[in-house]
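To start, the structure itself, in structure tokens.
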Amino acid sequence: MKQDMWGLLADDYCGFDTVEAARKLLGRYLCRETEEGLVAGVIVETEAYLSEGDPACHASRGKTRRNAAMFGPPGIAYVYFIYGNYYCFNVVTGPEGRGEAVLIRAVEPVEGLALMQKRRGKECALNNLASGPGKLCQAFAIDTSLNGHELSREPLYLQDNPGAPLILPVQRTPRIGVSSAKNLCLRFIIEGNRFLSR
DNA sequence: GTTAAGATCTGCT
DNA sequence: GCAGATCTTAACG
């Protein structure tokens with residue numbers, strides 16, 4: 001059976017639609033390997049950023065040095081630095097040159113809990129390890145050195161979750177933290193999950 | 001060269 | 001619930 005670059009079955013996935021990808025990424029594993037060890041979690045919260053009609057998208061005003069990775073081929077990482085302290089991690093979607101991506105906002109920690117805790121700092125509660133884009137990048141040691149990295153291989157990759165229910169309770173809401181396009185419902189969460197950013 | 005804003009988090013009230 | 005930290009990026013002069 002044929003799979004695309006995220007390992008999704010072709011039947012499950014209609015072309016390169018970014019909104020669809022944001023939904024389909026829920027429930028899948030995000031894995032990160034470093035010399036310190038492996039950390040992994042289940043993606044529970046995503047947001048789609050579109051090239052048209054979406055001023056909140058970094059690519060909406062054309063290609064710049066920062067957002068260049070967004071215009072690359074689907075399945076690579078777009079990582080950027082924000083607010084002087086934090087990184088945000090996206091999966092590039094859509095055909096090459098289009099400039100769309102899915103922001104990974106939160107994961108449910110599964111593997112390497114102690115390492116995540118160490119990176120996040122002291123006595124961090126389990127549901128505070130990776131419940132937000134900045135926290136997630138801290139726990140997974142993601143920075144701009146991974147910008148443009150292909151997410152099909154080490155040291156940062158997406159993986160199927162055979163244990164996930166076939167039908168997830170997915171809810172659509174407005175995106176968090178954007179000042180424009182607040183009316184667009186482009187945030188996807190696993191309903192009722194304890195590890196959401198809010 | 002200068003400036004304003006930003007896909008956030010933490011700590012304090 | 002709210003303000004402050006903190007600094008890169010991009011737009012403008």
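Just so it is clear, the model here is predicted, and its values are computed rather than measured. Throughout, protein chains are lettered first and strands after them, A, B, ... in sequence-line order, and every chain is numbered starting at 1.
- Contacts of Tyr83(A) with the nucleic acid, taken as non-hydrogen atoms under 4.0 Å apart, include base atoms.
- A donor-acceptor contact shorter than 3.5 Å is absent between the side chain of Gln171(A) and the backbone of Glu191(A).
- In this structure, CG of Asp54(A) is placed 10 Å from C1' of dA7(B), rounded to the nearest angstrom.
- If you measure from atom OH of Tyr87(A) to atom P of dC9(B), you get 15 Å, rounded to the nearest angstrom.
- Closest of all the heavy-atom pairs between Ala139(A) and Arg120(A) is CB-CG, 4.0 Å.
- Reading DNA chain C from its 5' end, the first and the last nucleotide to sit under 4.0 Å from a heavy atom of chain A are dT6(C) to dA10(C).
- Remark: Arg119(A) engages Glu36(A) in a salt bridge, criterion side-chain N to carboxylate O under 4.0 Å.
- Atoms CD1 (Ile142(A)) and P (dT8(B)) sit 15 Å apart, rounded to a whole Å.
- Exactly one residue among Val110(A), Ile43(A), Val42(A) makes a side-chain contact (heavy atoms from CB on, under 4.5 Å) with Leu30(A). That residue is Ile43(A).
- Contact check for Leu146(A) versus Arg32(A): side-chain heavy atoms found under the 4.5 Å cut-off.
- Heavy atoms of Gly134(A) sit under 4.0 angstrom from primed sugar atoms or phosphate atoms, though from no base atom.
- Straight-line distance from the CG atom of Asn90(A) to the C1' atom of dT8(B): 14 Å, rounded to whole Å.
- If you measure from atom CZ of Arg61(A) to atom C1' of dA5(B), you get 10 Å, rounded to the nearest angstrom.
- At a threshold of 4.5 Å between non-hydrogen side-chain atoms, the residues Lys135(A) and Asn128(A) count as touching.
- Within 4.0 Å of Arg66(A), counting heavy atoms only, lie sugar-phosphate atoms of the nucleic acid but no base atom.
- The Ser179(A) side chain lies nearest to dG6(B) when the options are dG6(B), dT8(B), dA7(B).
- Remark: C1' of dA7(B) and OH of Tyr80(A) are 3 Å apart, rounded to the nearest angstrom.
- At dC9(B), none of the side-chain N or O atoms of Arg120(A) fall inside 4.0 Å of OP1 or OP2 (strictly under the cut-off).
- Between Glu47(A) and Arg105(A) there is a salt bridge, since a side-chain N of the basic residue sits under 4.0 Å from a carboxylate O of the acidic one.
- Proximity of a side-chain donor or acceptor of Asp17(A) to a complementary backbone N or O of Glu20(A) within less than 3.5 Å is detected.
- The CZ atom of Phe81(A) sits 14 Å away from the P atom of dA7(B) (whole-angstrom rounding).
- Regarding Lys135(A), its NZ atom lies at a distance of 11 Å from the P atom of dG11(B), rounded to whole Å.
- Listed by first residue number, the stems of DNA chain B with at least three Watson-Crick or G-U pairs below 3.5 Å are B:1-6 with C:7-12, B:8-12 with C:1-5.
- Tyr87(A) and Leu136(A) end up in the same hydrophobic cluster when Ile, Leu, Val, Met, Phe, Trp and Tyr side chains are linked at under 4.5 Å.
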